[in-house]
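Both counts, for ligands and for their atoms, begin at 1 and track the order of listing. For the single chain, residues carry numbers from 1 onward in sequence order.
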Amino acid sequence: MPKYSVERARDVLDRPFSLGGLTLPNRVVMAPMTREFSPGGVPGEDVARYYARRAAGGVGLIITEGTYVGHDSAGSSARVPRFHGDEALAGWAAVAEAVHEAGGRIMPQLWHVGMERAAGAPPVPDAPRVGPSGIALDGSQSGKEMNQADIDNVVAAYATAAAAAESLGFDGIEIHAGHGYLIDQFLWAFTNRRTDAYGGDIVGRTRFAAQIVAACRESVSEDFPISFRFSQWKLNHYQARVAETPQELETMLGLLVDAGVDAFHCSTRRFHLPEFEGSDLNLAGWAKKLSGKPAISVGSVGLSNEFLEVFQGAQATVTDIGELLDRMERDEFDLVAVGRALLGDSEWLRKVLAGQVGELTPFDRALIGSLH
Ligand SMILES: Cc1cc2nc3c(=O)[nH]c(=O)nc-3n(C[C@H](O)[C@H](O)[C@H](O)COP(=O)(O)O)c2cc1C
């Protein structure tokens with residue numbers, strides 16, 4: 001199997017790519033990573049510098065940490081940045097400006113945690129935990145089943161955030177629909193037990209997500225890119241599946257394409273694992289093939305283990321990216337997101353393209369505690 005070499009890395013990764021009206025200089029994306037360094041929900045200068053360092057290191061696109069949309073029940077932490085309110089939006093404008101000055105491009109990841117909200121969480125401690133059926137990921141009935149007004153309010157909150165992103169100078173948006181948070185709670189049959197138009201088969205379960213995408217699409221320019229991040233796995237449910245078969249996946253993606261998605265960001269913990277039997281394609285490979293839209297892959301690029309093992313104390317070491325280059329050479333997917341390797345070393349891409357892999361600073365769990 002061909003391995004990493006500087007020439008191969010340059011040929012494969014250092015090629016431009018068009019996403020809606022946006023041209024990316026290369027194929028590497030910074031994965032969204034919650035950092036909780038925004039006291040009161042306001043990103044400060046240190047957050048701007050943190051993202052600007054990754055832009056200066058050459059990544060083609062930065063997707064920010066998840067940032068809460070303007071709905072009372074959206075969030076769970078006072079240190080996760082919000083994407084609403086004058087102060088937080090002014091902070092975000094400064095982040096976008098710093099990234100652009102460093103030569104980068106940036107999209108906020110718009111987030112609503114749904115049933116994952118902690119009791120009494122800010123900014124409105126009394127706001128309920130909400131979800132499609134009030135059922136949490138552990139199966140407990142511990143929140144409010146959303147009614148039509150709740151659904152409409154969340155859809156509107158996403159649309160407002162999308163419009164704000166464009167007016168603040170961001171280069172697109174990403175909708176966080178993975179990992180068991182609100183939108184994913186609708187997509188996943190285990191947390192969505194509704195018997196109305198928002199539940200049932202994959203068509204019903206995709207309706208909420210598609211309405212959010214359509215509302216965002218309507219509130220921004222036609223060529224303003226919308227990325228949709230989804231996953232099969234959920235927090236603490238690593239065998240979970242939204243789509244059991246390629247046919248279900250095709251139905252779901254088709255509805256989202258019709259609503260206005262420009263790219264699918266397919267969250268897997270290991271990019272090299274096949275998604276369905278009988279094919280080597282990973283989730284992003286299937287998404288590209290079935291939807292005809294650009295796909296972003298992610299998961300353990302350049303590292304020896306996957307990210308949840310890190311939270312359990314495992315140490316990651318730097319690994320060869322030959323298999324990634326193989327898959328991208330075959331056009332299985334278009335872009336690759338890199339998470340922890342870019343936390344370890346903001347210059348990850350520059351070093352990979354310069355043949356300085358031996359000089360990469362490996363990711364270490366302790367790095368999560370600082371915004372370096
Ligand atoms: C500290 C940390 C925070 C994360 N926060 C988010 C997040 O806010 N939104 C999201 O979609 N994924 C989040 N993820 C998942 C990453 O985007 C990525 O999919 C995962 O780390 C796998 O990529 P990697 O193996 O290159 O690190 C987070 C991961 C880490 C390590």
**Prompt:** When you look for protein heavy atoms under 4.0 Å from ligand 1, which residues do they belong to?
**Reply:**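 Residues within 4.0 Å of ligand 1: Ala31, Pro32, Met33, Thr34, Gly66, Gln109, His176, His179, Arg229, Val298, Gly299, Ser300, Phe307, Phe311, Val338, Gly339, Arg340.
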Is a side-chain donor-acceptor pair under 3.5 Å present for [Y] with [X]?
{"X": "Asn192", "Y": "Gln185", "result": "no"}
{"X": "Asn282", "Y": "Thr268", "result": "no"}
{"X": "Gln211", "Y": "Tyr198", "result": "yes"}

**Message:** Strictly by side-chain hydrogen bond (donor to acceptor under 3.5 Å, both in side chains), give each pair with a member in residues 113-128 just once, sequence neighbours left out.
**Reply:**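 Listed by first then second residue: nothing to list.
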**Prompt:** In terms of side-chain geometry, is the basic nitrogen of Asp262 or Arg217 positioned less than 4.0 Å from the acidic oxygen of its partner?
**Reply:**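 Yes, this pair counts.
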**Message:** Applying a strict under-4.5 Å side-chain criterion to I, L, V, M, F, W and Y, I'd like to know whether Ile173 and Leu182 cluster together.
**Reply:**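 Yes, one cluster joins them.
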